[in-house]
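Remarks on the structure that follows.
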Number of protein chains: 2
Amino acid sequence: MHIVIIVSVDPRSDRAVYRQVADILRGLIADGTIVPGALLPSEKQLADTYGVGRDAVRQAIGLLRAEGLARTIRGEGTQVRQPVERRPVPLLPRTHAIARMPTEHERAELDLDEGVPVIAIRTSKGHEDIHPADTVYLVAKD
Amino acid sequence: MHIVIIVSVDPRSDRAVYRQVADILRGLIADGTIVPGALLPSEKQLADTYGVGRDAVRQAIGLLRAEGLARTIRGEGTQVRQPVERRPVPLLPRTHAIARMPTEHERAELDLDEGVPVIAIRTSKGHEDIHPADTVYLVAKD
DNA sequence: CCGGATTTGTACGTATGTATT
DNA sequence: GAATACATACGTACAAATCCG
């Protein structure tokens, strides 16, 4: 099985231009052409390269952020997110865990990147612990 | 503790206009003014009501979608998402569970709304089960 | 430290396409 | 078919953060 990397944008395609740009960037990331931690080309550069508006580029990058693949720092650029080391979190008997997107408040509080869910663990007592989903994994524990 | 509902947008505020619009809409939802399943006013209506561009309204609604609060249907409108009934999913010993945003493929495959993470459960055998995070909760099981 | 260049964020406008009512 | 509503795509302009000489 080999991977086909798309390298150009077709404005007449059924697929929206910004999705095509996102496809290209995902390819460059999956490819290893752009390694974790490295910056993508600037929005202007991408727009010029692929012959699209800056708007389309921003929407494309927005998709990557929502998927948890990239994060953007104003004035600096967009970088491929580093996979973080996950630590185990025990799921005790009689406790429930759900995953959801954080509220705006939680995102600020926990300093979460876009596209990072939270895991809420609730005990039968009603106590709730919130964990950033990208730093933990759950294991059954008795 | 009482809730302060913002009702107007101040273009001179430090807070971006689209975030102010999002705040207002979140308030109307938390408030019960707009109940789950009901449609928000149209983008144009919101833009006129708050004296902002349609762009700002779309960004605001985009925030709500990313938070899992709303979903938009083209040609119809944006509705407040219904909290769905969750079913328990056992987390067996020697299995790990992580939460993350779905890939584009998974989102299409599972027909997920924006702002809905997935829970991936991996056994020691290497088998992986994917669940929409909004329909399940995890419980420890021996 | 300062100032300019670069880069992303916000905001608005216009136009056209597509889906639903 | 018409009206309504969201999606896409381009453009402009200015603000704000960062980088760099």
Side-chain angles (χ1 to χ4, degrees), chain A residues 6 8-25 34 37-66 69-81 104 107-108 111 113-115, chain B residues 6 8-25 34 37-66 69-81 104 107-108 111 113-115:
Chain A
I6 310 296
S8 71
V9 169
D10 174 11
R12 292 162 311 175
S13 165
D14 276 348
R15 191 160 177 79
V17 165
Y18 77 94
R19 292 186 190 279
Q20 294 180 58
V21 174
D23 292 340
I24 293 172
L25 295 176
I34 311 178
L39 291 179
L40 303 188
S42 76
E43 292 173 357
K44 173 153 187 352
Q45 236 169 349
L46 290 169
D48 292 346
T49 300
Y50 298 110
V52 301
R54 187 187 161 204
D55 196 42
V57 170
R58 283 183 61 75
Q59 283 190 78
I61 292 175
L63 284 183
L64 302 189
R65 279 196 304 262
L69 286 178
R71 67 175 193 143
T72 299
I73 305 169
R74 181 183 193 162
E76 191 170 343
T78 298
Q79 64 179 192
V80 178
R81 286 190 64 219
E104 211 204 11
R107 265 204 53 203
D111 192 33
D113 285 340
E114 258 182 80
Chain B
I6 309 296
S8 71
V9 170
D10 175 11
R12 293 162 312 175
S13 164
D14 275 348
R15 191 160 177 79
V17 164
Y18 78 94
R19 291 186 191 278
Q20 293 181 57
V21 174
D23 292 340
I24 292 173
L25 295 176
I34 310 179
L39 292 178
L40 303 187
S42 76
E43 293 174 354
K44 172 149 185 357
Q45 243 171 348
L46 290 169
D48 292 346
T49 299
Y50 299 109
V52 301
R54 189 187 158 206
D55 196 42
V57 170
R58 282 183 60 76
Q59 283 191 77
I61 291 175
L63 284 183
L64 302 188
R65 279 197 304 261
L69 286 178
R71 67 177 192 141
T72 299
I73 304 167
R74 181 183 195 162
E76 190 170 345
T78 297
Q79 64 178 192
V80 178
R81 285 190 65 221
E104 210 203 12
R107 264 203 53 200
D111 192 33
D113 286 340
E114 259 182 79

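We name chains A, B, ... by the order of the sequence lines, and we start the count at 1 in each one.
Per the geometry, CG belonging to A/D55 stands 13 Å off C1' belonging to C/dT14, to the nearest Å. Atom CG in A/L46 sits roughly 14 Å away from atom C1' in C/dT6 (whole-Å rounding). One interatomic measurement links the two molecules: CZ of A/R65 to P of C/dT8, which rounds to 10 Å at whole-angstrom precision. Residue B/E43 contributes atom CD, which lies 10 Å from atom P of D/dA5 at whole-angstrom precision. Look at CG on B/L39: it is 16 Å from P on D/dT4, rounded to the nearest Å. Counting to the nearest Å, the P atom of C/dT7 and the CD atom of A/Q79 are 15 Å from each other. Between A/Q45 atom CD and C/dT7 atom P there is a gap of 6 Å when expressed in whole angstrom units. Per the geometry, CD belonging to B/E114 stands 14 Å off P belonging to D/dC6, to the nearest Å.
Nearest nucleotide to the A/A16 side chain, out of D/dT8, C/dG9, C/dC12: D/dT8.
Here the side chain of B/Q79 pairs a donor or acceptor atom with the backbone of B/G37 at under 3.5 angstrom. Side chain of A/Q20 to backbone of A/D10: a donor-acceptor contact under 3.5 angstrom is found.
Ion pairing between B/R65 and B/D113 fails under the 4.0 Å rule for side-chain N and carboxylate O. Ion pair A/D23/A/R19 not flagged as a salt bridge, since none of the NZ, NE, NH1 or NH2 atoms sits closer than 4.0 Å to an Asp/Glu carboxylate oxygen. Ion pairing between a basic and an acidic side chain is recognised when a charged N comes within 4.0 Å of a carboxylate O; A/E43 and A/R74 show no such pairing.
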Reading nucleotides 13-21 of chain D from 5' to 3' and marking B where a protein heavy atom lies under 4.0 Å of the base, S where only the sugar-phosphate is that close, and - otherwise, the string is B-BSBSS--
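Side chains of B/R71 and B/T78: a donor-acceptor N/O pair is absent below 3.5 angstrom, by distance only.
The side chain of B/R19 places an N or O atom within less than 4.0 Å of a non-bridging phosphate oxygen (OP1 or OP2) of C/dT10.
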